[in-house]
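Numbers for residues simply follow the sequence, beginning at 1.
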Amino acid sequence: MLGDKKILIKMIRFGTNVRTVLINLHHNENTSLEAARNVLERRGGLLINIENDNERFISFPQNGRVFRFDPNRIFTDAGIKQDLEKQNDRSPVSAVKTVRKFARLICSKIPSSATTIIALHNNDDGNLSVASYLPGKEYGREASLVHQGAGHDPDNFFFTTDAGLYRSLSHKGYNVVLQHNGRATDDGSMSVYYGRKKKSYVNVEAETGQLEEQEEMLDVLISLISK
């Protein structure tokens, strides 16, 4: 329950593989969910997703007010407060506590057996790309290394906390960004949360509608972390 609203966190287990865990936080990013299901049907693993009427932001009523938040900005207290301020122009203590509890519930669903947390995201053409993380660009300070792969749409890229996975994916020619875990802006995102914990995390980001490309990215990544 979020205030007076029920939100479903759906967990689907494919086979007996408990090391491969994929999570989708934005219910409107449907290409990523379809790609995940198709890949996990072949490979096995656990898919976790928030069901939210195909909306990116979650809204919930509490104490006579309605609050809205981005479910990928809730994994640190600073992120929760900043996002509530951004979306609602206020961040009362009661709303912060409600969102914090929801974030902890999501994290509790991720089994300790997961070697790497794989997040699923989609973007719009030209809105966000691997080039956004180059020095001097919008998110340049968030990255310590950026590799632009020849022949790949720049909107399709990996974003990771893991230097080893960065090297492996860049050697395979993919677009990949290594988060600067010490300098990354605390926006409450899952990448910041796991970067601080020194936990292996990868966001598989692909343009909406590029299903085959996102499936290929997931296949390559899962092959690497399954070795």
Step by step, would you call Leu178 with Thr160 a side-chain contact (heavy atoms from CB on, under 4.5 Å)? CA-CA 5 Å; Leu178 178 63; Thr160 184; 4.2 Å; yes
OH (Tyr139) with more than 12 external heavy atoms under 6.0 Å: no
What I want to check is whether the side chains of Arg43 and Ser223 have a donor and an acceptor closer together than 3.5 Å. yes
Looking at residues at least two apart in the chain, or sitting in another chain, which of them share a side-chain hydrogen bond (donor to acceptor under 3.5 Å, both in side chains) with Ser189? Asp187, Ser191
Would Asp186 and Thr76 satisfy side chain to side chain donor-acceptor pair (under 3.5 Å), going step by step from the backbone distance to the final call? CA-CA 8 Å; Asp186 184 358; Thr76 68; 2.6 Å; yes
If you measure from CE on Met1 to CG on Asp4, what distance do you get to the nearest 0.5 Å? 6.5 Å
With the threshold set at 4.0 Å, does a side-chain nitrogen-carboxylate oxygen contact exist between Asp219 and Arg42? yes
With Ile58, which of Asp53, Leu2, Leu25 fulfils side chain to side chain contact (heavy atoms under 4.5 Å, CB included)? Leu2
Have a look at His26 and tell me which of Asp70, Ile50, Asn52 forms a side chain to side chain contact (heavy atoms under 4.5 Å, CB included) with it. Asp70
Are Phe75 and Phe69 joined in one hydrophobic group, where the rule is that I, L, V, M, F, W and Y side chains link up if heavy atoms are under 4.5 Å apart? yes
Contacts of Glu51 meeting salt bridge (Lys or Arg N to Asp or Glu O under 4.0 Å) (sequence neighbours excluded), chain-then-number -> Lys10
Students often mix this up, so state it plainly: with edges at 30° and 60°, are the rings of Tyr174 and Phe158 parallel, tilted or perpendicular? perpendicular
